[in-house]
Amino acid sequence: MTELNTLTLAEARDKLRSGDVTSVELTESCLKQVESADALGAFVHKTPELALDQARAADARIQAGDAPAMCGLPLGIKDLFCTKGVPSQAASRILQGFRPEYESTVTQKLFDAGAVMLGKLNMDEFAMGSSNETSCYGNAVNPWRRAGDAAALTPGGSSGGSAAAVAADLCLAATGTDTGGSIRQPAAFTGIVGIKPTYGRCSRWGIVAFASSLDQAGPMTKTVRDAAIMLGAMAGHDPKDSTSADLPVPDFEAMLSGDIRGKVIGIPAEYRMDGMPAEIEKLWADGTAMLKDAGAEIRDISLPHTKYALPAYYVIAPAEASSNLARYDGVRYGHRASLGQGDGITEMYEKTRAEGFGHEVQRRVMVGTYVLSAGFYDAYYNRARRVRALIKRDFDQAFAAGVDAILTPATPSAAFGLGEMAEADPVQMYLNDVFTVTVNLAGLPGISVPTGTDASGLPLGLQLIGRPWEEADLLNTAYALEQAAGFVAKPQKWW
Amino acid sequence: MLDLTFETPKPKVIAGAKHDWELVIGMEVHAQVASNAKLFSGASTRFGAEPNANVAFVDAAMPGMLPVINEFCVAQAVRTGLGLKAEINLWSAFDRKNYFYPDLPQGYQISQLYHPIVGEGEIIVDMGPGVARRVRIERIHLEQDAGKSIHDMDPAMSFVDLNRTGVALMEIVSRPDIRGPEEAAAYVTKLRQILRYLGTCDGNMQNGNLRADVNVSICLPGAYERFQETGDFSHLGTRCEIKNMNSMRFIQQAIEYEARRQIAIVEAGGEVVQETRLYDPDKGETRSMRSKEEAHDYRYFPDPDLLPLEIEQAWVDDIAASLPELPDAKKARFVLQMGLSEYDASVLTAEVQNADYFEAVAEGRDGKMAANWVINELFGRLKKDDRDIADSPVSPQQLGGIIDLIAKGDISGKIAKDLFEIVYTEGGDPAQIVEARGMKQVTDTGAIEAAVDAIIAANPAQVEKAQQNPKLAGWFVGQVMKATGGKANPAAVNQIVSQKLGL
């Protein structure tokens, strides 16, 4: 019999409903895997008692014939989500000991739909990073290794723990958040599916803010179908988030037909970067061919402002972050530095924030403070906002011309080695986001689908970008791509 | 709408050692929006609650918490704008003003720097009957108040009370149109009056409901007029901002002090430094808080947690239709339609409760008489007891009843004052009291004639004097009033005394 933890959400759901398994059995199976997977560094806080309580409650609901979408399905939750009574630290030392008295809207919706939480997942500190190496808990590790090479690889970031946990079958699926690629890049690095929905589709209430105008939660799953199921449970209007859209949530799963005949797929010239590895080029070309074979019309398009996206992103995101992170001052919660004789409020702020924030967070707070400061505001922040508007216009024009979805690589490379970037210029790390940030800047939905491997056997992903609010259509295109690619490889268990 | 005409007052002139100087003043008033809940949270705004009792998660800036605009506070700001004849911006937006302070949990104040909800308006600042200054309003924006740091509870620790954190404020910014300390105080008085009429701010200055920052500069006579013509600020002196004043008296004192300080600097050949200053009422002086160089860089940027605030013209129109009659219109109506002096009309319209009371008394009666009774008798008596119009023991119906008795000739003005005191202290229906206590005035000429005759008969020497000097007839009138217990109709007594004495 298949190990229960390796099931997809859809498979497990069907087995639960048919009475073949119980949620307690599923949950115990996952908990056992979690216990034996500390080497992956995926879970930073385990909640087995809570999980089993939730599993028993889910079993009771199923028996009573009330089995909503996520009923009894064990998940991992990114540490960025505030979970009531459970440590929620955004993988930062500055939130040491913080246990929220409230539940984020997204996790509440998942729990209302019957989901089970196994624990909190590792991530880059405050979601700032592309390798999960900025976490105060230490990095998560990619369950994948290069063929014949035991070197530890990054699972990507910032949702690195989520990606590692799903790829290693520690949980059936996980929540992620994506500000510049934090769902899609780690999904691509670990051979799983990750969708960042349209900005405003999922409530941000109760998710620790990084860059408010870019942050968006989404599911990280083993399949496109699972992404459709889980997104349906996470999404929806929330009056507590002013930027949440008051739109109905379609039944995404019901719309997975795999039929994309007549759909227009745009291939943007500007995403063909100088020095792009040949395997990425090939992956992209193969994906294009698959969609064409499935009946889609392939069209070359231009998104002329793409090259300005990364610099604009690295002005806007740090600017918002510098303000969002001002609240971590040691006054009301989390870490407060011990003070010396004669230290006043200024010393308390300085020491607390120096001790509490890691280097990458400090770097971004400083960059953000700088770009908003008097005399530089117009040159940086305002210019970046104008660029953002142009990038959005590029996409609007493509969609207006009849393009239904845009296909690009998800990442410029396969997963890289942990520590490999330690000495590099931080901009090298930022380049990981080159294909994904445009989507956040334009507020669009984007999904990463595993479609192949590189020469060393590591997974690679392609990204599909959809029209705003048309996740259903985007998921269906991704489903067609997934079917065509037939990516089924799994990492060899070494942990 | 009716309008009273007015003349513009002369600017205040302060004589320096070398020149005469004029003042140029602009004000930023922070008015707490009258609302049960805060600007972006459902927490209560009740004053005087236990520390940190009125705090929602978002007020304490807990991780992941988000602001949601309180529609009522927006309506209050629109109402205020309409009350100040200002332009309402159907599209406005919130910005973050970033700075660190323990009573500012978010590390930023949500405000409206770039796109305020209310644009240009005006306030007619009354300086006396027929004299007023038109002060232009530049803008009104909505913003959050900060909490309170408490430094005197412990020798080593400071405490923070977040009850006020996130309470809605309107910052009402004037143009530099105010020309003296008295005008500045009158401006705040008038603004407070309008806000209270509108019900958009309680205006309780002691509780910090209304606080003013005052920008003061000095210039030579004529410079201000050149500034007005050109809009070029270089015609004016360098300004200093005096922060956070919550008393009309302190505002005047601070401006007076600050103007003289600046004059002394300039006349000594120095230069005024642009800075923020604080007024110390104990010492009666302003002192530097921070210079321009030390000024915070607030790093304003649009708040990404809030969408731009878009409101419908129809919604604004509904609010406009529900606006009460405002002080200027009411005063003009009292003067032009009810025949009151502008002074009396000003007194009666100072507080809307006073005006409402007056109108209830004046309804169907002589307005001037009603005004006299309300201002002189009622207000005088209430003031003596330190009571408010809201708990006046005499209702408008009772006071109207007294006035009716005078008008009918049932009682004299003098008796009416006694009657008022009885109604004030004991209550009751004035007409019944007059009847029951025999206070009705004697208008029966026969009875008055008999009394006059008796007094003339008893005082022949006085009769002779009075016939030589008719002014002395008053003595007979007094005697008759005394004999009738004050109830005789004074006009009738006068007439009969003159007639009987053959004057």
Side-chain angles (χ1 to χ4, degrees), chain A residues 80-82 88-90 92 95 98 100-102 104-105 126 200 203-209 211-215 238-244 316 319-320 322-334 344-346 348-349 353 368-377 381-382 385, chain B residues 40-42 52 55-71 93-110 113-114 147 149 151 156-162 165 292-293 295-310:
Chain A
L80 202 63
F81 291 79
C82 288
S88 305
Q89 280 186 230
S92 180
L95 275 167
F98 176 62
E101 289 185 40
Y102 44 88
S104 85
T105 297
F126 282 103
S203 170
R204 293 183 298 113
W205 193 88
I207 300 174
V208 174
S212 311
S213 75
L214 301 160
D215 297 344
D238 180 5
K240 291 187 288 191
D241 174 1
S242 307
T243 62
S244 149
I316 290 169
E320 294 183 13
S322 71
S323 177
N324 283 334
L325 269 56
R327 66 189 57 202
Y328 306 104
D329 57 6
V331 174
R332 297 169 310 288
Y333 47 75
I345 187 69
T346 306
M348 187 177 105
Y349 288 152
R353 289 166 68 82
T369 303
Y370 179 81
V371 298
L372 288 176
S373 60
F376 299 104
Y377 181 86
Y381 184 75
N382 254 348
R385 289 222 303 166
Chain B
F40 296 112
S41 85
N52 297 309
V55 186
F57 288 134
V58 68
D59 302 326
M62 300 305 283
M65 294 298 95
L66 297 171
V68 176
I69 187 78
N70 176 344
E71 184 180 327
F94 290 96
D95 304 295
R96 292 186 184 177
K97 177 180 181 179
N98 296 281
Y99 65 97
F100 281 97
Y101 207 69
D103 61 23
L104 186 77
Q106 296 171 133
Y108 54 84
Q109 176 195 35
I110 305 178
L113 175 70
Y114 297 111
S149 294
H151 302 294
M157 310 272 279
S158 287
F159 292 83
V160 180
D161 177 2
L162 300 180
T165 304
K292 195 179 174 186
E293 286 70 34
H296 294 297
D297 181 352
Y298 290 118
R299 293 171 282 122
Y300 279 99
F301 75 105
D303 191 330
D305 284 333
L306 293 160
L307 298 173
L309 183 58
E310 293 182 62

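Proteins get letters first, then strands, A, B, ... in listed order; numbering begins at 1 in each. For clarity, every value in this text was computed on a predicted model and none was experimentally measured.
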ask   = In Å and rounded to the nearest 0.5 Å, what is the SG to CE distance from A:C82 to B:M62?
value = 8.0 Å
ask   = What are the two closest heavy atoms between A:Y102 and B:P63, and how far apart are they?
value = OH-O, 2.6 Å
ask   = With sequence neighbours excluded, what pairs up with A:T243 under the side chain to side chain contact (heavy atoms under 4.5 Å, CB included) test?
value = A:Y199, A:R204, A:D241, B:L307
query = If you look at every heavy atom in A:A319 and B:F301, which pair is closest and at what distance?
reply = O-CZ, 4.2 Å
task = Answer whether the closest heavy-atom distance between the side chains of B:P302 and A:R385 falls below 4.5 Å.
result = yes
ask   = By side chain to side chain contact (heavy atoms under 4.5 Å, CB included), which residues pair with A:A211, not counting sequence neighbours?
value = A:T179, A:L214, A:D215, A:A317, A:E320
inquiry  = Rounded at 0.5 Å granularity, tell me how far CG in B:D297 sits from OG1 in A:T369.
reply    = 9.5 Å
note = To the nearest 0.5 Å, atom OG of A:S242 lies from atom CG of B:L66 at 7.0 Å
task = Let me know if A:P239 has heavy atoms under 4.5 Å from chain B in its side chain, its backbone, both or neither.
result = backbone
ask   = When only pairs under 4.5 Å are counted, which of A:S322, A:G206, A:S213 shares the most heavy-atom pairs with chain B?
value = A:G206
ask   = With a 4.5 Å limit on heavy-atom distance, are the side chains of B:S158 and A:I345 in contact?
value = no
ask   = For the residue pair A:A326 and B:F100, what are the closest heavy atoms and their distance?
value = O-CE2, 3.4 Å
request  = Drop me the distance from B:N98's CG to A:S373's OG, to the nearest 0.5 angstrom.
outcome  = 11.5 Å
request  = Sort A:F376 into side chain, backbone, both or neither according to what part of it lies under 4.5 angstrom from a heavy atom of chain B.
outcome  = neither
task = Check each atom of B:Y298 against the heavy atoms of chain A and say whether the ones under 4.5 Å are side chain, backbone, both or neither.
result = neither
remark   = If one checks every heavy atom of A:F81 against chain B at 4.5 Å, the contacting part turns out to be neither
remark   = If you tally heavy-atom pairs under 4.5 Å between each of B:G107, B:A61, B:A60 and chain A, the highest tally belongs to B:A61
task = Flag the one option from A:L80, A:N382, A:V371, A:N324 with the top tally of heavy-atom pairs under 4.5 Å to chain B.
result = A:N324
note = Among A:G330, A:A374, A:G375, the residue with the most heavy-atom pairs under 4.5 Å to chain B is A:A374
message = Can you give me the closest heavy-atom contact between B:P105 and A:D329, atom names plus distance?
response = O-OD2, 4.5 Å
request  = Scan side-chain atoms only and decide if A:R327 and B:Y108 contain a donor-acceptor pair under the 3.5 Å cut-off.
outcome  = yes
